[in-house]
Every structure is written in structure tokens, then in C-alpha cells.
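Have a look at the structure below, then the notes.
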Protein chains: 2
Amino acid sequence: MAVDREQVLKEAAALLTRRATTSMDEIARAAGISRATLHRHFAGRDALIKALEEQGIAQFAQAVDRARLAEGDAVGALRRLIGETEPHAAMLAFLSTENQLFEGGEINAGWLELDARISALFRRGHEEGDFRIDLSPAWLTEALYGLIGAGAWAVHEGRVARNDLNHSIAELLLGGIRRSMEK
Amino acid sequence: MAVDREQVLKEAAALLTRRATTSMDEIARAAGISRATLHRHFAGRDALIKALEEQGIAQFAQAVDRARLAEGDAVGALRRLIGETEPHAAMLAFLSTENQLFEGGEINAGWLELDARISALFRRGHEEGDFRIDLSPAWLTEALYGLIGAGAWAVHEGRVARNDLNHSIAELLLGGIRRSMEK
DNA sequence: AGATTGTGAGACATCGACGTCTCATTCGGG
DNA sequence: CCCGAATGAGACGTCGATGTCTCACAATCT
């Protein structure tokens with residue numbers, strides 16, 4: 001009887017990631033509950049989205065914590081970041097696209113903080129001479145999100161094996177396409 | 001007086017890429033015209049989307065033609081591709097995401113052909129020893145789209161200068177982040 | 001059994017976006 | 001300079017989604 005809130009959010013994330021216009025009725029039926037019950041647990045569509053964002057940001061924040069971005073050199077930190085983030089690639093893709101349609105609403109503070117932490121990693125890479133200075137931290141941050149999103153989709157479509165995702169993103173970002181670049 | 005149809009479609013692509021629910025009114029105002037005029041040029045929302053797809057694919061195809069992917073080495077061809085594609089970055093981002101959303105219907109044949117041509121370039125880079133073999137053509141194609149999309153949005157948001165976009169995408173894709181990699 | 005709580009089904013009003021329409025204004029060509 | 005075409009502003013009616021509400025039923029607890 002008791003509605004499983006986590007399960008509802010999981011179903012909602014799956015549907016909304018695929019189609020942002022999914023109706024409350026569709027979400028409710030996908031979760032196996034009635035629209036009325038869905039509204040009893042989430043004040044409205046906005047509340048549901050917000051709950052999704054918070055859960056997603058919390059997961060992403062934990063991943064960033066585990067990556068220990070301040071330790072070691074920037075290259076290793078970036079590798080750890082990609083490794084920890086990869087399991088939540090789909091959620092992150094949802095967040096990065098959903099979060100950038102702000103237009104008036106306040107951007108989630110947690111998201112801004114995560115954005116800043118990742119930018120700081122790229123800046124550190126610049127300062128320590130590990131990353132090329134002609135690519136700005138802002139661009140690299142956007143590029144990272146873009147590659148993760150592209151990777152999530154490629155895995156979803158079967159064009160890239162899930163086991164290869166981590167390596168594909170990290171190597172492309174760090175070393176580029178060129179063959180001559182060793183390790 | 002004459003409405004710049006291309007410009008309208010370009011703005012529409014930039015907005016619809018990030019938020020599929022962008023209203024006709026928002027698109028109209030972003031393009032600097034009234035909602036009435038927008039409806040005079042496009043029968044409706046569906047017609048606008050369809051026109052976007054067709055024009056986008058046509059422009060992208062022309063860009064790919066101009067890039068002469070079969071000439072010279074794969075590195076130069078990829079640089080040309082990015083250079084020719086960059087002006088239509090917003091449009092391309094819209095196309096690649098739009099092709100993700102739909103399910104069941106038929107994927108535009110023109111898009112599939114373009115996809116194949118890009119993949120072929122990366123495959124050539126592998127065969128000629130210019131590109132690393134551990135990154136598959138399918139992944140590199142998706143990554144290219146992802147980076148172009150991320151770049152288009154970054155420019156739209158003012159986080160990257162339009163003049164830097166070409167260089168940012170090409171260098172990241174070809175050389176990666178690492179500083180030690182020369183040229 | 002009785003009471004309490006959660007749920008499903010559906011009615012209902014509201015809201016925003018869409019598509020169509022009219023009318024005054026403005027731009028550009030002849 | 002004048003006239004036709006294009007545009008902007010806005011007024012509708014329509015439709016789908018939303019959020020609230022009521023009522024009946026089922027599950028759980030005492």
C-alpha cells in the first residue's frame with residue numbers, strides 16, 4: 001500500500017530523461033499509482049522535478065566527493081571524477097540540460113557549487129601546468145558535461161559498451177584523438 | 001522587412017535544443033518577430049520543427065561537402081569539418097538531440113547518411129594511423145556532436161567567445177587537454 | 001467489528017499555449 | 001508620392017495538462 005517514493009522518483013527520472021514533456025498522468029501510470037496519489041506525494045510537477053534535481057545533485061555531489069579533486073595531480077583527479085561520475089551519467093545529462101533552462105528561476109545552489117568545484121579542478125590543472133591554457137575552465141566544464149551526456153546516450157543506444165565508457169571519455173578528454181600521443 | 005527565415009530557424013534551434021517545450025511566443029521574440037509573423041512563415045509548431053530538420057540537414061550536408069572529408073589526411077579533414085560545421089552548431093545540436101527523442105518513426109535518411117560520412121572519416125583516421133584505435137568511430141561521432149552541442153550552448157550563454165569556438169572544439173578533440181601535447 | 005488511513009477513479013475549474021483572425025501601421029517598390 | 005505587401009499588436013476560441021476536490025473502496029490497526 002505504502003507508495004515507494006524512491007521507486008516513483010526512479011520511474012520519473014527514466015521517463016523525464018527521455019522526454020521532458022512527459023505528463024504527470026504518464027509518470028503516475030508508469031509508477032503504478034494513480035495521478036491523485038502522485039499529487040499526494042509531490043505537491044505538483046515542479047515539486048517532483050525539484051525532488052528529482054535534489055536527488056540527482058546529491059548523488060553527483062557524493063561522486064565528486066569520492067573523486068577527491070584536490071588530491072594528487074589534476075590529471076589523476078579528472079580521471080577519478082570521470083570514473084565516479086560515469087554511473088550517474090544519465091542523471092547528470094538530465095541535470096545539465098534541465099538546469100540550463102533556468103530563465104528566471106533560481107539555479108540550484110548545490111549545482112552551482114558542483115559547477116564551481118569542477119571548474120576549480122580545471123583551473124588547478126592550468127596553474128600546475130598539466131592542462132593547456134588555451135582551453136578555458138568554463139569550456140572544459142561544459143565539454144565534460146557534453147561528453148558525459150553523449151556517452152550516456154551512446155551507451156543507451158548500444159553504440160558504446162558500458163565498460164568502455166569510462167575509458168572513452170577520459171582518454172578523449174585528456175589525450176585527444178591523435179594516435180601519436182602516448183598514454 | 002522581409003523576415004530572415006534562416007535566422008528564425010537558427011534561433012529556434014538554439015532554444016529548442018535546450019528546452020523542447022519552448023513556446024512559439026518565446027521563439028518569435030528571440031527571433032525578433034511577432035508570434036503572428038512566425039505563424040505566417042510556419043503553419044504551426046510541427047511545420048516549424050519539420051522545417052528545422054530539413055534545413056538543418058541540408059546545411060549540415062553542405063558543410064560536410066565543403067569540408068572535403070576524403071582529401072588530405074584525416075586530421076586536416078576533421079579540422080575542416082569542424083570549421084565548416086561551427087556556424088551551424090546550434091542547428092546541429094538540435095538535430096542530434098532531436099534524433100534521440102523520437103522513437104518508432106523513421107529517422108531522416110539524410111541524417112543517417114551524414115552520420116555514416118562522419119563515421120567514415122574517423123574510420124579513415126584509424127586505418128591511416130592518424131587516430132588512436134581505442135576510440136571507436138561511433139563514439140567519436142557521438143563525441144563530436146556532444147562537443148559541438150556543448151560549444152553552441154556555451155557560446156549562447158556567453159561562457160565561450162564565438163571566435164574561440166572553432167579552436168576550442170578542434171583542439172580538445174584532436175589534442176586533448178594535456179599541455180605536454182605539442183601542436 | 002469498528003476506526004483509521006491510504007488509494008483509485010473521476011469530476012471540476014483553471015491555466016497556458018496554440019492556431020486563427022482582424023486591424024492599424026510601416027516598409028519598399030513603382 | 002502612393003499603393004500594396006508585410007508586420008505588430010492583440011483578441012478570440014480551443015485544447016491538453018494541471019491541481020484540487022469528493023466519494024467509494026481496500027488495507028491495516030485496535
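Lettering of chains follows the sequences in order, A, B, ..., and the numbering in each one begins at 1.
- Closest to the side chain of B:H41, out of D:dT18, C:dC18, D:dT7, is D:dT7.
- Evaluation of the salt bridge (charged side-chain N to carboxylate O under 4.0 Å, His left out) rule for B:D134 yields B:R132 as partners, not counting sequence neighbours.
- At least one side-chain heavy atom of A:F60 sits under 4.5 Å from a side-chain heavy atom of A:W111.
- Ionic pairing of B:E71 and B:R80 is not present here: no N-O contact between side-chain nitrogen and carboxylate oxygen is shorter than 4.0 angstrom.
- In summary, B:D46 and B:K50 do not engage in a salt bridge, as defined by a charged side-chain N under 4.0 Å from a carboxylate O.
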Solution key, residues 84-91 of chain B side-chain donor-acceptor pairs under 3.5 Å, sequence neighbours excluded:
residue, atom, partner, partner atom, Å
B:E84, OE1, B:R66, NE, 2.8
B:T85, OG1, B:L81, O, 2.6

Please list, pair by pair, any protein nitrogen or oxygen found under 3.5 Å from a nitrogen or oxygen in nucleotides 8-13 of chain D.
residue, atom, partner, partner atom, Å
D:dG8, OP2, B:S34, N, 3.0
D:dG8, OP2, B:S34, OG, 3.2
D:dG8, OP2, B:T37, OG1, 2.6
D:dG8, O6, B:R40, NH2, 2.9

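- Across the protein-nucleic acid pair, A:E26 atom CD and D:dA17 atom P stand 7 Å apart, rounded to whole Å.
- The distance between atom NE2 of A:H39 and atom P of C:dT7, rounded to the nearest whole Å, is 15 Å.
- Taking atom CZ on B:F42 and atom P on C:dG19, their separation rounds to 13 Å, with Å as the unit.
- Distance, A:D46 CG to D:dT18 P: 10 Å, rounded to whole Å.
- At whole-Å resolution of the value, CZ in B:R29 and C1' in D:dT7 are 17 Å apart.
- Put simply, CE on B:M24 is 10 Å from P on C:dT20, counting in whole angstrom units.
- Distance, A:L48 CG to D:dT18 C1': 13 Å, rounded to whole Å.
- The nearest whole Å value for the distance from the CD1 atom in A:I49 to the C1' atom in D:dT18 is 13 Å.
- Using a cutoff of 4.0 Å between basic side-chain nitrogens and carboxylate oxygens, B:R117 and B:D65 are scored as salt-bridged.
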